[in-house]
Amino acid sequence: MVAPLYTTASGLLFHAGKILVVTVGLPARGKTHISRALERYLRWTGVKTQVVSLGDYRRKILGGAQKLPPDYFTLVGEKSPETVALRKRISDGCEQLIWDFFNSGGQVVIYDANNGTRERRQALAEKFDKEGIHVIMLESLCDNEEIILSNIRSVKISSPDYRGWDPEKAVQDYYGRIRDHEAHYEPVEETDWPYIRIVNVGEKIMVNSRIVFFLMNIHNRFRTIYFARSGQSLIEHSYKADSDLSPPGWEYAERLKEFVLDRRAKALQQRGVDIEDRRLVVWTSARRRSHHSAWPFLNLTENDKVKLPRVKVVEKPQMSEINPGVWDGLSPDQVRKFYPDEWERFVRDPYAYRAPRAESYHDLCVRLEPTLIELEREQEDLLIIGHASVIRCMLAYLIGLPASEIPAIEVARGDLIEVVPTSYGVHSQAYHFWDGPGRSQNGGGVGKDEHNFYENYAEDTQGKRRPQTAEAVDAIPS
């Protein structure tokens, strides 16, 4: 399994050389969503990857569609000299961005554009192939009108091209762009270059490889992913004990249920989604404090069922916390005293270092990769009740943080982290909902057990990265 890997002297991995992935497809076929998801996955594996988006570059350089000549988006008839010059300027600029990334040590570029004619693809591929760049065609076909319309409404008409437009007129205008491209679109049939063909954003796929396995599991259905730590346990500082929740831990679990139901109901209402149509899936580890923190979701009151008619709780053994090995139950001072050399190595590289008979964060990422593939495949709203070390790895994957920062991501008990994947990245926000035992010590701080510092390294070092926290001012009263 692949996880965030160690860097090499060249900065390149897999000895595969440099790769240009050229997206192909009509507008609103999910190319941008696929490109960003693939970029996130390859970066997670340690490959230096970047998406170069022709649409984003055009809007950055030329502004919205209102500032363009009337014939800029049409493919019928002879173009005005101004349109020809602007199109060439944008195309050349994107190609220069690709070269700049390769020349600065990057390994994979995903060129997000329509590239709908054989002539255009061939000219582009030959230009980079001549310089030793491997070229792969990634074609996205879609005949599902619901997916196309959803993509137009959720992504396209919210772009600067349609700022100030009536939504229905914007949809019709964009359909006009699609019809114009359809008349000239040529599917990928040439065999000069390797290609991958995706139908309906992962419904069907041609060709088989590791990347293809990942692409088979992605989708672009709107969903929200929530993260929360499990409640306080009776024995906080022992990995081996696998103890149950403490009395405050059970209170925390009940409060977590109330807050998640309230927050999710409001979010769905804002999007105009009927809560009856959406199920909440809850993932926990097989450790008692994690799984028992989800029990309130299996014992819903009639009032709860109004906000959450359907729920499914799933135990995932792969989501167990990082194994601290011989450091289990030791404080930092004790480790410095009994394992001085090992401590120095740990401080130098908390991500790659493995304590005696323990796991490193790299080991944990390897263990979690199948779970991340399942996370991409899951189409329902998802709540992950887990351990700080596991949540760090998953957040780093979703947000796109480098591996070196994973051990320093602070995940405080009592915060609900909300992540919404979108075509252009993810939106993340943390909401504070708990100040009881397990969160604060003597009325201050985020609360940590110094004898469990291997799991809570980020809290011990007052983490470098943490999602912006919003106070839950409209939360359910305690």
Side-chain angles (χ1 to χ4, degrees), residues 226-261 280-301 304 308 311-331 334 357-359 364 367-368 371 382-394 410-417 432-443 445-460 476 478:
Y226 301 97
F227 294 92
R229 286 183 60 173
S230 54
Q232 182 192 55
S233 59
L234 292 168
I235 305 175
E236 283 277 271
H237 62 269
S238 175
Y239 172 84
K240 297 175 184 176
D242 188 20
S243 62
D244 205 343
L245 293 175
S246 66
W250 286 106
E251 293 178 18
Y252 169 93
E254 191 66 35
R255 176 70 177 130
L256 172 63
K257 178 202 70 175
E258 293 172 352
F259 190 76
V260 169
L261 297 192
L280 177 67
V281 177
V282 182
W283 287 0
T284 75
S285 77
R287 309 284 284 183
R288 287 176 181 157
R289 63 182 177 278
S290 175
H291 184 64
H292 287 178
S293 294
W295 274 20
F297 289 91
L298 297 174
N299 296 279
L300 301 178
T301 66
D304 292 333
L308 185 62
V311 63
K312 178 182 179 182
V313 177
V314 182
E315 279 190 23
K316 292 191 173 293
Q318 304 99 320
M319 283 175 44
S320 292
E321 69 205 85
I322 192 169
N323 186 342
V326 299
W327 289 4
D328 186 23
L330 299 182
S331 68
Q334 289 171 323
R357 295 197 288 278
E359 287 181 301
L364 179 58
R367 165 153 62 87
L368 286 172
T371 306
L382 180 63
L383 168 63
I384 295 174
I385 303 177
H387 313 282
S389 53
V390 171
I391 294 174
R392 287 186 195 107
C393 294
M394 290 183 164
E410 186 176 349
V411 182
R413 179 179 285 139
D415 285 353
L416 179 72
I417 302 173
H432 172 54
F433 68 91
W434 173 261
D435 275 317
R439 163 81 181 190
S440 60
Q441 302 293 334
N442 299 322
V446 297
K448 59 182 181 290
D449 188 332
E450 68 168 3
H451 295 278
N452 195 22
F453 82 96
Y454 198 70
E455 161 79 3
N456 293 324
Y457 172 76
E459 282 71 23
D460 286 315
I476 302 170
S478 298

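Quick note: residue numbers are just sequence positions, from 1.
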> Heavy atoms, side chains only, cut-off 4.5 Å: are Arg255 and Glu258 in contact?
yes
> How many angstroms lie between atom CZ of Arg229 and atom CD1 of Ile417, to the nearest 0.5 angstrom?
10.0 Å
> Could you measure the distance from the CG atom of Leu382 to the CG atom of Leu280? Nearest 0.5 Å is fine.
7.5 Å
> Using the side chain to side chain contact (heavy atoms under 4.5 Å, CB included) definition, which of the options Trp283, Phe227, Phe297 pairs with Ile385?
Phe297
> Could you tell me which residues satisfy side-chain hydrogen bond (donor to acceptor under 3.5 Å, both in side chains) with Gln318, sequence neighbours excluded, listed by chain and number?
none
> State, to 0.1 Å, how close Gly231 and Ser293 come at their nearest heavy-atom pair, and which atoms those are.
N-OG, 2.9 Å
> Could you tell me the separation between the CD atom of Glu321 and the OG atom of Ser230, rounded to the nearest 0.5 Å?
8.0 Å
> Calculate, to the nearest 0.5 Å, the distance between atoms CG and NE2 belonging to Asp244 and His292 respectively.
5.0 Å
> Determine the minimum heavy-atom distance between Ser246 and Leu234, stating which atoms define it.
CA-CD2, 3.6 Å
> Give the minimum heavy-atom separation between Val313 and His291, together with the two atoms involved.
CG1-CE1, 4.0 Å
> How many angstroms lie between CE in Met319 and CE in Met394, if you round to the nearest 0.5 Å?
5.0 Å
> Looking at every non-hydrogen atom in both residues, tell me the closest pair between Ser389 and Ile322 and how far apart they are.
OG-N, 3.1 Å
> Assess the residue pair Leu364 and Arg392 against the criterion (side chain to side chain contact (heavy atoms under 4.5 Å, CB included)); give the C-alpha distance rounded to whole Å, side-chain angles, the decisive distance to 0.1 Å, and a yes or no.
CA-CA 10 Å; Leu364 179 58; Arg392 287 186 195 107; over 6 Å; no
> Please round to the nearest 0.5 Å and tell me the distance separating atom NZ of Lys257 and atom CG of Leu298.
10.5 Å
> Quick one: ring pair (Phe, Tyr, Trp, His ring centres under 6.0 Å) partners of Tyr252, sequence neighbours excluded?
Phe433, Trp434
> Run the side chain to side chain contact (heavy atoms under 4.5 Å, CB included) test on Leu416 and Leu383 for me, step by step, so that the C-alpha distance in whole Å, both residues' side-chain angles and the decisive distance to 0.1 Å come before the verdict.
CA-CA 10 Å; Leu416 179 72; Leu383 168 63; 4.2 Å; yes
> Output all residues satisfying salt bridge (charged side-chain N to carboxylate O under 4.0 Å, His left out) with Asp242, sequence neighbours left out; order by chain, then residue number.
Arg287
> Between Arg288 and Leu245, does the side chain to side chain contact (heavy atoms under 4.5 Å, CB included) criterion hold? Intermediate values first, please.
CA-CA 7 Å; Arg288 287 176 181 157; Leu245 293 175; over 6 Å; no
> Walk me through it: do His387 and Ser285 pass the test side chain to side chain contact (heavy atoms under 4.5 Å, CB included)?
CA-CA 8 Å; His387 313 282; Ser285 77; 2.9 Å; yes
> Please report the shortest heavy-atom distance between Pro317 and Ala286, naming the atom on each side.
CA-CB, 4.3 Å
> Where do Gly414 and His432 come nearest, in terms of heavy atoms and distance?
O-ND1, 3.3 Å
> With distance as the sole test, does Glu236 use its side chain to make a donor-acceptor pair with the main-chain N or O of Ser233 at under 3.5 Å?
yes
